[in-house]
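See below for the structure under consideration.
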Amino acid sequence: MSGGYFDQFKIVVLFALTNSSMMMIITVAVGLLLFKGVKLVPTRWQSIIESIYDHFHSVVKDNLGPEGLKYFPFIISLFLFIVFLNVLGLFPYVFTPTVHIVVTLGLSFSIVIGVTLAGIWKFKWNFLSILMPDGAPLGLAPLLVLIETVSYISRAISLGVRLAANLSAGHLLFAILAGFSFSMLTAGGLLSLFPLLIMVFITLLEMAVAVIQAYVFLFTNYYLLSRHNSVTLIIIL
């Protein structure tokens, strides 16, 4: 019975596509449908989206400046994409691509590599100045460069592992408690109401985790973009 808990993580082929890639396509389609039709008097859903838009826009502008707003479409799109993947994965019989470390590491490494290549293309080899903290003693340069290089690379690994691990643990806990609750309900009695309350709280917790993990994933990459943007100041100094 315990082996059945991992069936939700299996990748299968459906109509020449895997369930993982199909879910990503469906997520993009759902996002486009939800954002369709902007009204002058906003609805509740439009007000929520506008609040999220204003929040990220102000954060990017305050930290990266007007020049950093060119990254804003990428930041808001990445956040909404991961949020929709995580939240839609809570529905029954819906596959969650972000529980697979291959997907999360693919996202994190592609972003880190893209930011690095963009930095080298814009600042040439001066981009490597981010590996040397400003004002550090020159004698410690070899050690500091090594530490910063390892930290720069390990951030991409920890980012992907954290997202996949948290969602996988949450889905396993959800499946185990759901099976336990079903057994209690079939047994009957007053104690059968207790598992239902637990499932309600677990559902709310998993929805919060889905949003928080997308936020953490986003702002770790946002930190890389902010360091990319701060190279200009380092070069001037």
Side-chain angles (χ1 to χ4, degrees), residues 1-15 17-34 44-45 48-49 51-52 76-109 111 156-221:
M1 180 65 181
S2 59
Y5 294 135
F6 295 93
D7 291 341
Q8 58 182 318
F9 303 126
K10 290 183 178 179
I11 295 181
V12 296
V13 178
L14 300 171
F15 306 107
L17 293 173
T18 62
N19 51 356
S20 179
S21 58
M22 184 177 293
M23 189 60 203
M24 292 183 186
I25 296 173
I26 293 175
T27 300
V28 174
V30 169
L32 293 176
L33 290 175
L34 290 176
R44 292 181 180 179
W45 173 251
I48 294 174
I49 297 300
S51 300
I52 296 174
I76 190 69
S77 300
L78 179 64
F79 174 74
L80 293 175
F81 178 69
I82 297 179
V83 164
F84 284 148
L85 280 180
N86 296 345
V87 173
L88 291 176
L90 297 176
F91 287 88
Y93 305 105
V94 176
F95 183 79
T96 311
T98 45
V99 299
H100 281 271
I101 196 170
V102 175
V103 175
T104 56
L105 284 180
L107 287 173
S108 60
F109 269 99
I111 293 170
I157 300 175
S158 63
L159 188 63
V161 171
R162 185 192 299 118
L163 179 60
N166 279 282
L167 292 178
S168 299
H171 280 67
L172 281 174
L173 177 64
F174 199 89
I176 293 172
L177 289 179
F180 172 73
S181 301
F182 180 77
S183 300
M184 292 289 291
L185 286 174
T186 54
L190 294 177
L191 292 177
S192 61
L193 298 177
F194 182 68
L196 290 178
L197 295 177
I198 294 179
M199 291 305 302
V200 171
F201 286 113
I202 291 297
T203 302
L204 296 176
L205 176 63
E206 285 302 306
M207 292 183 65
V209 168
V211 177
I212 291 172
Q213 288 304 313
Y215 199 83
V216 171
F217 188 93
L218 170 71
F219 271 91
T220 304
N221 288 293

For [X], all residues meeting ring pair (Phe, Tyr, Trp, His ring centres under 6.0 Å), sequence neighbours excluded:
| X | value |
| --- | --- |
| His100 | Phe95 |
| Phe174 | none |
| Phe84 | none |

If you take all heavy atoms of [X] and [Y], which pair is closest and at what distance?
| X | Y | value |
| --- | --- | --- |
| Glu206 | Gly170 | OE2-CA, 3.2 Å |
| Ala156 | Leu105 | O-CD2, 4.0 Å |
| Phe79 | Val211 | CE1-O, 4.2 Å |
| Gly89 | His171 | O-NE2, 3.4 Å |
| Leu85 | Met23 | CD2-O, 4.2 Å |

Give, for atom [atom1] of [X] and atom [atom2] of [Y], the distance between the pair rounded to the nearest 0.5 Å.
| X | Y | atom1 | atom2 | result |
| --- | --- | --- | --- | --- |
| Ile198 | Thr203 | CD1 | OG1 | 11.5 Å |
| Met207 | Ile212 | CE | CD1 | 12.0 Å |
| Leu159 | Phe217 | CG | CZ | 4.5 Å |
| Ile202 | Ile176 | CD1 | CD1 | 11.0 Å |
| Ile82 | Leu163 | CD1 | CG | 6.0 Å |

Suppose we screen for side chain to side chain contact (heavy atoms under 4.5 Å, CB included). Which residues come up paired with [X], at least two apart in sequence or across chains?
| X | result |
| --- | --- |
| Ala164 | Ile101, Thr104 |
| Ser51 | none |
| Phe91 | Leu88, Val94 |
| Val102 | none |

- Task: Write out all pairs satisfying side-chain hydrogen bond (donor to acceptor under 3.5 Å, both in side chains) with one or both partners inside residues 76-90, taking only residues at least two apart or from two chains.
- Result: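 Of all non-adjacent pairs touching residues 76-90, those that pass side-chain hydrogen bond (donor to acceptor under 3.5 Å, both in side chains) are Asn86-Thr98.
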
- With a 4.5 Å limit on heavy-atom distance, are the side chains of Arg162 and Asn166 in contact?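 Heavy-atom side-chain distance check passes, below 4.5 Å.
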
- Message: The criterion is side chain to side chain donor-acceptor pair (under 3.5 Å); which residues satisfy it with Ser21, sequence neighbours excluded?
- Response: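 With sequence neighbours excluded, Ser21 shows a side chain to side chain donor-acceptor pair (under 3.5 Å) to Thr18, given in chain and number order.
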
